[in-house]
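Below you'll find the structure, written out as structure tokens, and then a few comments.
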Amino acid sequence: MGYDLHITRREFWADAGDDIGADEWRAYCLGDPALGLVGSEGSTSDLDDQSEDVSDLLAEWTHPSPPERFASDDEPYTVPFDFWRGSIVVKNPDAAIVQKMCQIADALDARVQGDDGEIYRPDGSTYDP
């Protein structure tokens with residue numbers, strides 16, 4: 001089990017409506033050299049409210065300073081950014097990931113919200129809306 005943060009336009013991330021569009025997310029990923037679309041076998045393929053197959057909208061971000069337990073000279077440490085039902089979800093993000101999420105949210109006219117509804121700032125601090 002983990003704690004998710006959501007890049008969302010919704011008042012509360014689990015509510016319906018005000019989605020980030022699949023085309024918007026795809027365009028953002030294609031324009032960000034640090035974020036690459038990699039596809040998914042996970043939750044992005046089970047969208048029942050969109051006719052488009054969005055299984056290709058899982059992106060990975062290469063972490064610039066991975067936690068020591070994940071550091072490797074052989075492979076970069078990548079973080080999955082999962083497009084799911086009109087939001088982008090990251091599990092258990094550290095401070096650098098929160099900063100990246102806030103950058104993405106700003107570009108998509110959205111915000112970063114935790115599972116419990118708190119809003120995240122780029123410095124990792126939170127507030128309740």
Side-chain angles (χ1 to χ4, degrees):
M1 183 176 258
Y3 195 79
D4 295 340
L5 295 190
H6 311 263
I7 299 172
T8 184
R9 291 185 182 138
R10 301 171 186 153
E11 189 171 326
F12 182 68
W13 67 268
D15 293 342
D18 209 4
D19 289 352
I20 295 168
D23 289 339
E24 289 177 275
W25 177 236
R26 184 180 293 108
Y28 182 86
C29 291
L30 293 174
D32 185 336
L35 202 61
L37 292 169
V38 296
S40 172
E41 296 178 8
S43 62
T44 55
S45 63
D46 68 2
L47 290 177
D48 53 9
D49 57 340
Q50 294 187 23
S51 59
E52 176 184 7
D53 177 13
V54 294
S55 62
D56 64 334
L57 293 178
L58 175 75
E60 286 185 338
W61 177 61
T62 301
H63 198 298
S65 54
E68 189 173 309
R69 68 183 184 275
F70 295 109
S72 169
D73 292 334
D74 299 333
E75 293 183 32
Y77 175 63
T78 58
V79 178
F81 281 65
D82 194 8
F83 181 87
W84 187 69
R85 295 187 178 175
S87 296
I88 296 94
V89 183
V90 177
K91 186 172 287 301
N92 300 325
D94 64 16
I97 300 166
V98 171
Q99 287 180 339
K100 181 63 176 178
M101 291 182 78
C102 288
Q103 174 190 358
I104 294 168
D106 188 53
L108 295 175
D109 194 28
R111 59 190 181 170
V112 178
Q113 187 175 61
D115 278 343
D116 293 333
E118 74 282 11
I119 305 299
Y120 281 75
R121 296 180 184 102
D123 67 2
S125 63
T126 64
Y127 66 93
D128 289 323

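For reference, positions follow the sequence shown, starting with 1. Note: hydrogens, waters and symmetry copies are ignored here, and every other heavy atom, side chains too, is used. Here the structure is a predicted model, which is why all the values come from computation and not from measurement.
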**Request:** Give, for atom OG of S87 and atom CZ of R111, the distance between the pair rounded to the nearest 0.5 Å.
**Result:** 10.5 Å

**Asked** Hey, what's the ring geometry for H6 with W13, parallel, tilted or perpendicular (30° and 60° as the breaks)?
**Response** parallel

**For the student: nearest non-hydrogen atoms of I20 and I7, plus distance** = CD1-O, 3.5 Å

**Message:** To the nearest 0.5 Å, what is the distance between CG on L5 and OH on Y120?
**Reply:** 5.0 Å

**Item:** T78 side, atom OG1; E60 side, atom CD - distance, nearest 0.5 Å
**Value:** 3.5 Å

**Asked** When hydrophobic residues are tied together by side-chain contacts of less than 4.5 Å, even through go-betweens, does Y77 share a cluster with M101?
**Response** yes

**Message:** For E11, is there any backbone N or O sitting under 3.5 Å from a side-chain donor or acceptor partner on Q113?
**Reply:** yes

**Prompt:** Which heavy atom in D115 sits nearest to a heavy atom in G2, and how many Å separate them?
**Reply:** OD2-O, 4.4 Å

**Item:** Distance-minimising heavy-atom pair for A59 and C29
**Value:** CB-SG, 3.8 Å

**Request:** For residues D109 and E24, determine if any side-chain heavy atom of one lies less than 4.5 Å from a side-chain heavy atom of the other.
**Result:** no

**Item:** Parallel, tilted or perpendicular: rings of Y28 and W25 (30°, 60°)
**Value:** parallel

**Item:** Expected output: side-chain Y3 to main-chain D116 donor-acceptor under 3.5 Å
**Value:** yes

**Asked** Which distance, rounded to the nearest 0.5 Å, do you find between the CG of N92 and the CG of D4?
**Response** 7.5 Å

**Message:** Could you report the tightest heavy-atom contact between A105 and V112, atom names first, then the distance?
**Reply:** CB-CG2, 3.9 Å

**Item:** Co-membership, hydrophobic cluster, residues L37 and V79, 4.5 Å side-chain
**Value:** yes

**Request:** Give a yes or no on whether the backbone of D15 and the side-chain of R10 come within a donor-acceptor separation of less than 3.5 Å.
**Result:** yes

**Request:** Could you give me the CA-CA distance, side-chain angles and deciding distance for H63 and D94, then say whether side chain to side chain contact (heavy atoms under 4.5 Å, CB included) is met?
**Result:** CA-CA 10 Å; H63 198 298; D94 64 16; 2.8 Å; yes

**Item:** Euclidean distance, Q103 CD relative to L108 CG, rounded to 0.5 Å
**Value:** 10.5 Å

**Asked** Does the side chain of V98 come within less than 4.5 Å of C102's, by heavy atoms?
**Response** yes

**Message:** As an exercise, state the distance from CG of L58 to CZ of F83, rounded to the nearest 0.5 Å.
**Reply:** 12.0 Å

**Partners meeting side-chain hydrogen bond (donor to acceptor under 3.5 Å, both in side chains) with D123 (sequence neighbours left out)** = S125

**Asked** Which heavy-atom pair separates D32 from A34 by the least distance, and what is that distance?
**Response** OD1-N, 2.9 Å

**Message:** I'd like to know whether R121 forms a side chain to side chain contact (heavy atoms under 4.5 Å, CB included) with Y127, so could you lay out the CA-CA distance, the side-chain angles of the two residues, the decisive distance to 0.1 Å, and finally the verdict.
**Reply:** CA-CA 8 Å; R121 296 180 184 102; Y127 66 93; 3.4 Å; yes

**Prompt:** Is a side-chain N or O of R9 found less than 3.5 angstrom from the main chain of D19, in a donor-acceptor match?
**Reply:** yes

